[in-house]
Amino acid sequence: MKQCVKMIVGNWKMNGLASGLSEARAVSEALTAEPAAATVGLCPPTTLLDRMARALDGGPVQVGGQDCHAEASGAFTGSVSAAMLADAGARLVILGHSERRAGCGETDADVAAKVGAALQAGLEPIVCVGETLAEHEAGEAVAVVTRQIEGSLPEIPAGKDLAVAYEPVWAIGSGLTPTSDQIAEVHAAIRAALSRRLGEAATAVPILYGGSVNPANAADLLTIDGVDGALVGGASLKAEDFMAIIRAAGPGVAADAQG
Ligand code: 13P
């Protein structure tokens with residue numbers, strides 16, 4: 001049975017000009033010298049995707065998009081398709097981020113259609129779920145993320161890679177994080193929802209935590225039961241901070257020693 005590999009992914013959001021590519025290069029060089037236990041990805045703005053993919057080609061860092069359209073091509077001014085992301089060198093794509101669910105009105109059904117398109121294009125989707133502060137305070141986190149998982153996944157063909165990120169909306173960019181018990185409870189609920197949906201294949205799906213992950217709290221967050229990695233916003237913009245988080249996932253095994 002395929003087991004899930006730890007994954008640390010940086011989401012640059014709407015940050016980064018060409019000058020920022022040196023940070024991505026620094027991460028790649030550091031990881032080449034010092035392999036990590038986790039798969040590492042960086043998701044820059046679309047304008048940098050092709051350049052970042054070229055700069056990091058052949059290295060240990062995967063590159064990804066932050067969204068895609070559900071259609072492969074057509075009259076959708078301003079949008080980018082999954083096939084275009086893959087063509088630009090992307091291997092990953094973040095979908096259903098709360099900033100798109102809230103800011104762009106994306107529904108679970110919209111996210112499911114995008115996940116289908118991403119899989120079709122050969123990308124690994126990172127599907128984001130998470131409750132708002134009001135839902136958290138009402139004790140609804142498990143119910144909300146369970147509903148989001150059930151609604152945001154299309155049929156997943158066997159053998160396709162998929163990841164999920166639990167990002168409580170109120171923890172993003174706020175410096176706040178849920179307690180370890182709260183994170184463990186939600187991750188267990190996500191794992192159960194994935195198992196109901198995907199059966200045994202669910203064991204291969206890493207469930208990342210996201211929301212104010214930084215070098216100081218990464219080691220604690222990454223050892224919580226059921227946390228298979230992190231989706232990192234602000235702290236992924238600087239190579240030094242991002243590397244500190246990656247190191248918190250533990251040392252890696254040299255590529256030629258992996259089974
Ligand atoms: P921060 O790490 O800046 O809180 O952002 C988290 C996030 O939204 C990653 O997708």
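Each ligand, and each atom within it, is numbered from 1 in the order the structure gives.
The atoms of ligand 1 that sit less than 4.0 Å from any heavy atom of Gly173 are 1 (P), 4 (O). Residue contact check: Leu231 has heavy atoms under 4.0 Å from atoms 9 (C), 10 (O) of ligand 1. Proximity to Gly234 (heavy-atom distance under 4.0 Å) selects the following atoms of ligand 1: 1 (P), 2 (O), 3 (O). Annotation for ligand 1: atoms under 4.0 Å from non-hydrogen atoms of Ser212 are 1 (P), 2 (O), 4 (O).
For ligand 1, none of its N or O atoms has an N or O atom of Ser174 under 3.5 Å away. At a 3.5 angstrom cut-off on N or O pairs, Gly210 does not count as close to ligand 1. Not a single N or O atom of Glu99, backbone or side chain, sits closer than 3.5 Å to an N or O atom of ligand 1. Considering backbone and side-chain atoms together, Gly211 places no N or O closer than 3.5 Å to any N or O of ligand 1. Considering backbone and side-chain N/O of Ile172, none are found under 3.5 Å from N/O of ligand 1.
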**Study point:** side chain to side chain contact (heavy atoms under 4.5 Å, CB included) assessment of Lys13 paired with His97
**Key:** CA-CA 10 Å; Lys13 308 193 179 184; His97 193 283; 4.2 Å; yes
Practice item. Carefully, step by step, assess Asp67 and Lys114 under the rule salt bridge (charged side-chain N to carboxylate O under 4.0 Å, His left out). Key: CA-CA 8 Å; Asp67 178 47; Lys114 291 177 178 207; 2.8 Å; yes
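Put simply, the side chain of Tyr209 gets close to the backbone of Gly211: a donor and an acceptor are under 3.5 Å apart. Remark: side-chain polar atoms of Gln62 are not paired, donor with acceptor, to backbone N or O of Leu92 under 3.5 angstrom. Of the possible polar contacts, one joining the Ser212 side chain to the Ala171 backbone as a donor-acceptor pair under 3.5 Å is found. Remark: side-chain polar atoms of Asp220 are not paired, donor with acceptor, to backbone N or O of Asn217 under 3.5 angstrom.
At the top of the distance list for atom 5 (O) of ligand 1, counting protein heavy atoms only, stands Lys13 NZ, 3.3 Å. In terms of protein heavy-atom proximity, atom 2 (O) of ligand 1 is nearest to Gly233 N, 2.9 Å. Taking atom 9 (C) of ligand 1 as the reference point, the nearest protein heavy-atom neighbour is Glu167 OE2, 2.8 Å.
Between the side chains of Glu29 and Thr32, no donor N or O sits under 3.5 Å from an acceptor N or O.
Across every non-hydrogen atom of Val213 and Leu231, the tightest pair is CG2-O, 4.4 Å.
Residue Asn11 touches ligand 1 through its side chain alone, judged by heavy-atom distances below 4.0 Å.
Between Tyr166 and His187, the two ring planes are perpendicular [angle over 60°; tilted spans 30° to 60°].
Contact analysis leaves Ala235 out of contact with ligand 1, as no non-hydrogen atom separation drops below 4.0 angstrom.
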